[in-house]
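So the structure is just underneath, and the comments pick up after that.
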Amino acid sequence: MVNYMANKNRKYFPIFVNLSDKKVVVVGAGTIAKRRIRALVDFTDHLFVVAPEVNPELHTLEAAGRLTILRKKYDKEDIHDAAMVIAATNDHRLNQEIYVDCKEMNVPVNVCDDKTRCDFYFPVLAYSDPIVVGVNSAGRDAAGSKRVAAQIREMLQKAVESTQSVFCTEMGKIAQSASGAESEKNAQSASGMESEKKPKSASGMRAEEAMRPALATDSAKPAKTANKTIRIFTDGAARGNPDGPGGYGVVLQYTDAAGTMHEKELSQGYVKTTNNRMELMAAIVGLEALNRPCEVELYSDSQYLINAFNQHWLDGWIKRNWMRNKTDPVKNVDLWKRLLAAAGPHQITWHWVKGHDGHPENERCDRLATSAADGEDLQEDVVPGFP
């Protein structure tokens with residue numbers, strides 16, 4: 001028999017496992033269990049949580065199809081056919097029982113309140129798709145693991161920013177072409193006229209006036225960019241919506257004439273926000289990243305966002321002075337106004353995609369958003385200049 005205690009100080013070999021089609025079981029739904037669930041939910045399609053009661057955040061993940069909740073007390077049968085088990089209840093004796101059951105069934109187990117009974121440890125994750133980095137110290141230096149992971153995140157961010165600089169260069173070329181075409185069109189229109197009334201600048205408009213070109217007739221839309229389209233994929237997330245932290249994730253894409261794909265990723269976390277606000281922020285930040293008028297294909301899994309444009313909810317809200325009806329005001333007016341201002345210069349097609357349904361870019365945005373929400377650099381959810 002192996003003397004486990006004699007081996008407790010050995011290093012743990014890092015290994016990356018494809019869990020997408022494997023059953024993973026978390027027993028418990030407390031603070032530690034939630035941290036484990038957040039780490040796992042992006043990596044497996046068969047995540048089971050066993051607990052008599054769970055909080056709203058897990059209800060939200062279940063409703064989105066991200067996990068299955070077994071609302072019951074633990075039973076040995078719950079871990080049958082599991083690839084790994086996490087014992088994370090607040091009952092030490094129950095965690096030990098789960099450990100014994102896993103040993104009998106030869107299932108790898110992590111016991112959250114007893115590091116000497118862990119077949120594996122959870123690393124501190126740092127990733128920027130497709131790169132995933134895990135850091136762990138076998139439970140002996142958690143602070144050191146977090147510090148190293150933070151340094152790795154910084155390295156990954158620099159790599160992303162390097163890619164972004166290439167992307168922005170290409171974007172500038174497109175924007176310059178569009179700007180030149182628009183200037184030529186204006187010059188031709190002005191020829192033969194003795195005087196011309198200068199148009200009112202967007203900066204002098206109210207936010208809702210600035211977005212009119214995005215919703216009005218073709219004559220008011222910016223010049224097309226020779227079928228060169230910017231694709232923007234967005235997603236928002238909130239932990240414990242509406243009272244928890246949240247974040248947004250954005251992926252911008254452009255394919256140049258040579259067929260080379262250029263990409264840019266954006267994300268940010270907030271201390272306290274809602275899912276809908278993060279969905280709007282994702283679209284806002286994606287559009288604000290464009291410094292010239294562009295044709296845009298914007299994709300989101302938020303019907304709240306997409307229907308506001310495609311079903312013309314915004315037109316009615318603006319006519320009613322930001323009221324849904326006679327008694328109910330529109331929520332998130334500060335973000336809607338900022339979004340309208342950001343959308344104004346562009347020709348946008350708004351696409352709804354089903355969330356958590358295997359759409360590659362939507363899944364990437366979800367990972368960016370949830371990672372930002374779980375990060376340490378959280379901002380206050382305030383929109384300057386848009387009360």
Ignoring hydrogens, what is the shortest heavy-atom contact between Gly249 and Ser267? Give both atom names and the distance. CA-CB, 4.4 Å
Pi-cation contact, Tyr121 with Lys115 (under 6.0 Å, within 45°): no
Between Glu62 and Leu58, is there a side-chain heavy-atom distance shorter than 4.5 Å? no
Just wondering, more than 12 heavy atoms not from Glu104 lying within 6.0 Å of its CD? yes
Taking atom NZ of Lys72 as the centre, report whether more than 12 heavy atoms of other residues, nucleotides or ligands fall under 6.0 Å from it. yes
Can the ring centres of Tyr304 and Trp336 be said to be less than 6.0 Å apart? yes
Atom CZ of residue position Arg71 - does it have more than 12 heavy atoms of other residues, nucleotides or ligands inside 6.0 Å? yes
Tell me whether Ser371 contacts the main-chain N or O of Arg367 through its side chain, where contact means a donor paired with an acceptor under 3.5 Å. yes
Worked verdict on Arg231 versus Glu361 for salt bridge (Lys or Arg N to Asp or Glu O under 4.0 Å): CA-CA 10 Å; Arg231 291 176 295 278; Glu361 285 78 15; over 6 Å; no
Over 60° means perpendicular and under 30° means parallel, so tell me whether Phe309 and Trp350 are parallel, tilted or perpendicular. parallel
Closest non-hydrogen atom pair, Val296 against Leu287: CG1-CD2, 4.2 Å
Residues forming a side-chain hydrogen bond (donor to acceptor under 3.5 Å, both in side chains) with His92, sequence neighbours excluded: Asp113
Give the minimum heavy-atom separation between Val111 and Arg117, together with the two atoms involved. CG2-O, 3.1 Å
Would one find more than 12 heavy atoms of other residues, nucleotides or ligands at under 6.0 Å from atom CG of Asp91? yes
Nearest 0.5 Å, what's the CG-CZ distance between Leu61 and Arg239? 6.5 Å
Contact summary for Met323 and Pro329, nearest pair of heavy atoms: SD-CA, 3.6 Å
Determine, for Asp334 against Arg277, whether the closest basic-nitrogen to carboxylate-oxygen distance falls under 4.0 angstrom. yes
Parallel, tilted or perpendicular, judged at 30° and 60°: which one describes the rings of Phe233 and Tyr299? parallel
Donor-acceptor check, side chain of His46 to backbone of Lys22, threshold 3.5 angstrom: yes or no? no
Beyond-backbone contact of Asp119 with Lys103, side-chain heavy atoms, under 4.5 angstrom: yes
Tell me, yes or no, whether the heavy-atom count around Lys272 atom NZ, taken from other residues, nucleotides or ligands under 6.0 Å, exceeds 12. no
Single hit among Val25, Val27, Leu40 for side-chain contact (heavy atoms from CB on, under 4.5 Å) with Ile86: Leu40
Would a 4.5 Å heavy-atom cut-off, applied to side chains only, mark Leu280 and Leu305 as touching? yes
Please tell me whether Val271 and Leu335 are part of a single hydrophobic cluster in this structure, the criterion being side-chain heavy atoms less than 4.5 Å apart. no
Pairs satisfying side-chain hydrogen bond (donor to acceptor under 3.5 Å, both in side chains), at least one member in residues 79-89, at least two apart: Thr89-Asn95
I need the minimum non-hydrogen distance between Thr273 and Tyr270, along with the two atoms involved. CG2-CB, 4.2 Å
Would a single hydrophobic cluster contain both Ile15 and Phe120, if residues Ile, Leu, Val, Met, Phe, Trp and Tyr are joined by side-chain heavy-atom contacts under 4.5 Å? yes
Tell me the ring-ring contact (aromatic ring centres under 6.0 Å, His included) pairs involving residues 58-77, sequence neighbours left out? none
Looking at every non-hydrogen atom in both residues, tell me the closest pair between Ala342 and Glu288 and how far apart they are. CB-CG, 3.8 Å
